[in-house]
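Just so it is clear: chains get the letters A, B, ... in the order the sequence lines come, proteins before strands, and each one is counted from 1.
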Protein chains: 2
Amino acid sequence: MLLSTKGDYGVRAMIDLAKHEGEGPVQRAEIAKRRQIPESYLDHLLAQLRRAGFVRSVRGPGGGHLLAKPAEEICLLHLLEALEGSLAPLQCLDNHEPGSEAICGQEWVWQEIYDDMRRKLAAVSLAALAEHEREHERTAVVNYSI
Amino acid sequence: MLLSTKGDYGVRAMIDLAKHEGEGPVQRAEIAKRRQIPESYLDHLLAQLRRAGFVRSVRGPGGGHLLAKPAEEICLLHLLEALEGSLAPLQCLDNHEPGSEAICGQEWVWQEIYDDMRRKLAAVSLAALAEHEREHERTAVVNYSI
DNA sequence: ACAATGTCGACTGAATTAGTCGTGAATACC
DNA sequence: GGTATTCACGACTAATTCAGTCGACATTGT
Ligand code: FES
Ligand code: FES
């Protein structure tokens, strides 16, 4: 039932990019270090995100990765679906072919949960996540200074 | 992000028992056949459910498995947790050790989703599932007769 | 005694996940 | 043009989890 590391890492990386929005490309190595992601693995994730149209990459010295569109326009739902494939807790929720229902009789519960989840994820933008993290850092600093 | 077959199969099996509540033990082979579960695998699931206190089993001829408590008192949440372990989509939601938060910054979203999910699952009893399935069968019959 | 049934644990095969590595391609800079 | 920097892509591997099988054993009704 766990999200795979792809989803977790991928979102972390995107938050990193969002926090550097407008500052030019961010390099893989930097992201990997800051977010504790194996760099060679992050490579794959960035490739996937690029193909999905979320990041743009530039090669050569001074190159790196940046958001392909504003952080406000990227929602967690689409991001995670690009990284993980479907988030459905049961296959039948995606396929939705009739006939399997008779066997199982629990789809309705999961359907509701799934719909709720998607709604919630769609409501959170990458910008909101980045902002939330900034907020969190600020209060953390305050706490340290007590 | 999928529920494993353990969860799916296990719940199917429990629904089966619920539908035969008060009719004496139901045999593994019957359940396996009706619910399309490999019998030798179902064995493990029943063992797990027995250890968790959801089913009682009797050996010998005429033996089988029955609910250890009324279907009304069994909720989907506890059932699934017995079968799957934690349902948390991220490990940090269970461990909740501080320090990992600074890295990631997406827990709050998942925490909400997770809480919601647990609430919903806790609100559904095995009795409700069984009843829902009966209902479904009835309308299916009606549809056939058009 | 014997047949029906559940109990338990060891084992296996398949699939998925989580990476690593090497080679190549674009680009900036001198 | 040469070189250093950085991304691009695919082949490969290791580790883990999932899904299931099997066989020997225990219990109980007849
Ligand atoms: S087959 Fe659809 S929920 Fe189990
Ligand atoms: S580490 Fe907690 S959500 Fe990623």
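As judged by a 4.0 angstrom heavy-atom cut-off over every strand, B:Ser40 is placed among the base-contacting residues.
With C:dT7, D:dC9, C:dT20 as the candidates, the nucleotide lying closest to the side chain of B:Asp43 is C:dT7. For B:Gln27, counting side-chain heavy atoms from C-beta on, the closest listed nucleotide (C:dG6, C:dG19, D:dA19) is C:dG6. When each of C:dC8, D:dA8, D:dG10 is scored by its nearest atom to the side-chain atoms of A:Arg28, the top-ranked nucleotide is D:dA8. Ranking D:dA8, C:dG9, C:dT7 by closeness to the A:His65 side chain, first place goes to D:dA8. You'll find that the side chain of B:His44 is closest to D:dT21, out of C:dG19, C:dA18, D:dT21. Distance from the side chain of B:Arg59 is smallest to D:dA26 among D:dA26, C:dA4, C:dA26. Side-chain proximity of B:Ser57 to C:dG6, C:dA18, D:dT21: nearest is C:dG6.
Between B:Ile37 atom CD1 and D:dT21 atom C1' there is a gap of 16 Å when expressed in whole angstrom units. In this structure, the CG atom of A:Leu46 is 16 Å from the C1' atom of C:dA18, given to the nearest Å. To the nearest angstrom, P of D:dT6 lies 14 Å from CG of A:Leu66.
Checking B:Glu73 against B:Ser125 by side-chain atom types alone, no donor-acceptor pair falls below 3.5 Å.
Using a 4.0 Å cut-off between charged nitrogen and carboxylate oxygen, B:Glu137 and B:Arg134 do not count as a salt-bridge pair.
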